Amino acid sequence: MKIFKFGGASVKDANGVKNLASVLETTAEKDVVVVISAMGKTTNHLEVVVSNYFSNPEAIEASVTEVYDYHHKILSELFASASHPIFKKVAGLFKELNQFLKSTKSENHAFIYDQVVSFGELTSTTIVSAYLSEVNIKNTFLDVRKCIKTDNYHRDANVNWEVTQKNISTLVSAKGITVTQGFLGAEGTNNFTTTLGREGSDYTAAIFGYCLNAENVTIWKDVPGVLNADPRHFAKTQLLHHISYREAIELAFYGASVIHPKTLQPLQRKEIPLFVKSFLNPLNAGTCVGKGVTLDPQVSCFILKKNQVLISLSSLDFSFMMEDNISEIFKLLHEYKMRMELIQNSAISFSVCIDNKYNNLELLLTKLREKYKVHCDENVTLYTIRHSKPVEIKTLINGKDVLVKQESRDTVQLVIKE
């Protein structure tokens with residue numbers, strides 16, 4: 001048994017869906033779980049629907065229709081007859097979405113978010129499964145919410161591994177092709193949909209890999225594998241042929257976008273290799289994450305995160321920033337769901353670079369100003385460089401306003417105002 005994960009870019013249009021089928025045929029895998037994300041930028045468009053739900057109800061219908069029309073176009077290019085049952089199935093999904101939006105009244109943004117964006121994955125897998133059947137690739141459609149059970153921490157749910165293991169072992173056949181959704185789960189109490197965090201489809205693949213003792217997991221991307229830097233921001237990049245689990249976890253933690261941060265831990269526990277390959281060249285070797293050398297080749301790795309926030313705090317009376325102060329700050333960061341990307345402190349100051357994922361920044365700053373002098377820099381960029389050379393750092397910061405620099409044995413981090 002193997003696990004294949006296809007992201008949104010791989011199924012962004014009809015040609016992408018056809019190529020997915022081609023990858024299955026080219027690799028000749030017969031026993032595989034195929035985990036699929038929402039098509040193209042569907043999640044982004046469904047986030048607009050969520051925004052309209054809370055702030056512009058009159059625009060909800062139009063924003064849902066836009067998402068439906070996008071999928072209907074793909075359907076029209078995949079299936080010759082408009083009377084094919086798949087058209088009715090997809091229309092039914094959007095009818096269900098509209099009914100939910102009209103009948104549900106909730107101020108819980110994270111809850112509404114999970115219920116709405118989940119229709120992206122449900123629609124994409126419904127279409128792909130039907131198309132595979134149309135081209136004589138026999139498969140079984142699986143609603144992943146019947147398998148992956150979580151707590152009710154919406155938008156970043158925690159997996160109940162014991163129940164999930166039992167469900168997957170019961171519901172997933174070791175033989176044949178199974179098509180299912182990435183990113184989604186369901187909380188155990190009321191069975192409401194949950195999500196595993198943005199880019200959580202990689203994590204879904206790892207969950208299935210772990211629970212099924214898979215031979216390997218492959219993430220299919222529009223890049224040849226894991227590169228040492230994002231080619232959108234760096235001119236010269238190199239393909240990493242092999243990465244150790246430990247190094248890959250470090251890269252993922254710091255924000256390497258090719259691999260989801262939570263994907264690697266379950267695979268490492270059972271030493272299941274993870275491959276990152278190009279869906280455009282499926283027979284190429286790509287990158288293998290597994291046991292062995294740290295990096296092959298041994299090169300510096302560059303990671304950047306844009307739109308970060310740097311908060312610098314100092315006590316109002318110039319007293320020391322002691323453990324009780326720092327503990328209180330950590331508690332507030334947790335309360336307002338701020339992911340800490342970098343921390344630095346001195347005798348009378350404390351700085352933290354955070355990701356304002358949940359748009360709670362103003363609430364946090366208001367609370368912090370009750371006890372501290374607060375300086376906030378928004379829209380900063382955090383660079384993380386692994387195994388860097390001094391000349392590379394010098395070149396990177398040339399002409400830039402460096403707000404914070406932090407260096408350890410293997411890692412340099414820079415907060416830069418660009």
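In this text the structure is predicted, and so the values were computed from the model without any measurement. Throughout, numbering of the chain's residues begins at 1 and tracks the sequence.
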Will you find, in the side chains of [X] and [Y], an N or O donor that is under 3.5 Å from an N or O acceptor?
X      : Y      : value
Ser244 : Thr294 : no
Asn360 : Lys337 : no
His375 : Asp377 : yes
Glu418 : Thr381 : yes
Tyr372 : Glu328 : yes
Thr189 : Asn152 : no
Ser351 : Ser312 : yes
Gln165 : Ser169 : yes
Ser346 : Ser349 : yes
Gln181 : Thr125 : yes
Asn108 : Ser106 : no
Lys149 : Asn191 : yes
Thr384 : Gln413 : yes

Can you tell me how far the [atom1] atom of [X] sits from the [atom2] atom of [Y], to the nearest 0.5 Å?
X      : Y      : atom1 : atom2 : value
Leu295 : Gln238 : CG    : CD    : 10.5 Å
Ile112 : Glu107 : CD1   : CD    : 9.0 Å
Leu78  : Lys73  : CG    : NZ    : 10.0 Å
Cys301 : Asp230 : SG    : CG    : 12.5 Å
Leu364 : Ile311 : CG    : CD1   : 5.0 Å
Phe234 : Asn228 : CZ    : CG    : 9.0 Å

Could you label the plane-to-plane angle of the [X] and [Y] rings as parallel, tilted or perpendicular, counting under 30° as parallel and over 60° as perpendicular?
X      : Y      : answer
Trp161 : Tyr210 : perpendicular
His72  : Tyr68  : tilted
Phe330 : Phe350 : perpendicular

Open item on the list: Using a strict threshold of under 4.0 Å (side-chain N to carboxylate O), is an ion pair present between Asp202 and Lys5?
Closed with: yes
Heavy atoms only: give me the nearest [X]-[Y] pair and the separation to one decimal.
X      : Y      : value
Gln406 : Ile343 : NE2-O, 2.7 Å
Val289 : Ile259 : CG2-CD1, 4.2 Å
Thr27  : Pro282 : CG2-CB, 4.5 Å
Ile243 : Ala248 : CG2-N, 3.6 Å
Ser37  : Ser201 : OG-OG, 3.0 Å
Asn139 : Ser133 : ND2-OG, 3.2 Å

Between [X] and [Y], is there a donor-acceptor pair closer than 3.5 Å when you use the side chain of the first and the backbone of the second?
X      : Y      : answer
Glu187 : Thr193 : no
Asn356 : Leu361 : yes
Thr411 : Ser408 : no
Ser51  : Glu47  : no
Thr180 : Leu142 : yes
Ser388 : Ile385 : no
Asn19  : Ser22  : no
Thr204 : Phe183 : yes
His242 : Val293 : yes
Asn167 : Cys147 : yes

Test side chain to side chain contact (heavy atoms under 4.5 Å, CB included) on Phe275 and Ile219; report intermediate values, then the result. CA-CA 6 Å; Phe275 291 94; Ile219 298 174; over 6 Å; no
Is it the case that more than 12 heavy atoms not belonging to [X] sit under 6.0 Å from its [atom1] atom?
X      : atom1 : result
Lys367 : NZ    : no
Glu61  : CD    : no
Glu162 : CD    : no
Lys102 : NZ    : no
Lys305 : NZ    : yes
Arg269 : CZ    : yes
His233 : NE2   : yes

Tell me whether [X] forms a cation-pi arrangement with [Y], defined as NZ or CZ under 6.0 Å from the six-membered ring centre and within 45 degrees of its axis.
X      : Y      : result
Arg386 : Tyr254 : no
Arg339 : Phe253 : yes
Lys95  : Phe100 : no

Inset, instruction - Before giving the answer on salt bridge (Lys or Arg N to Asp or Glu O under 4.0 Å), spell out for Asp143 and Arg145 the whole-Å C-alpha distance, their side-chain angles and the decisive distance to 0.1 Å. - result: CA-CA 5 Å; Asp143 187 335; Arg145 298 172 297 179; 2.9 Å; yes
Exactly one candidate in Leu212, Thr218, Asn216 meets side chain to side chain contact (heavy atoms under 4.5 Å, CB included) with Ile3; the answer is Leu212
Given the options His154, His109, Arg155, Asp114 meets side chain to side chain donor-acceptor pair (under 3.5 Å) only with His154
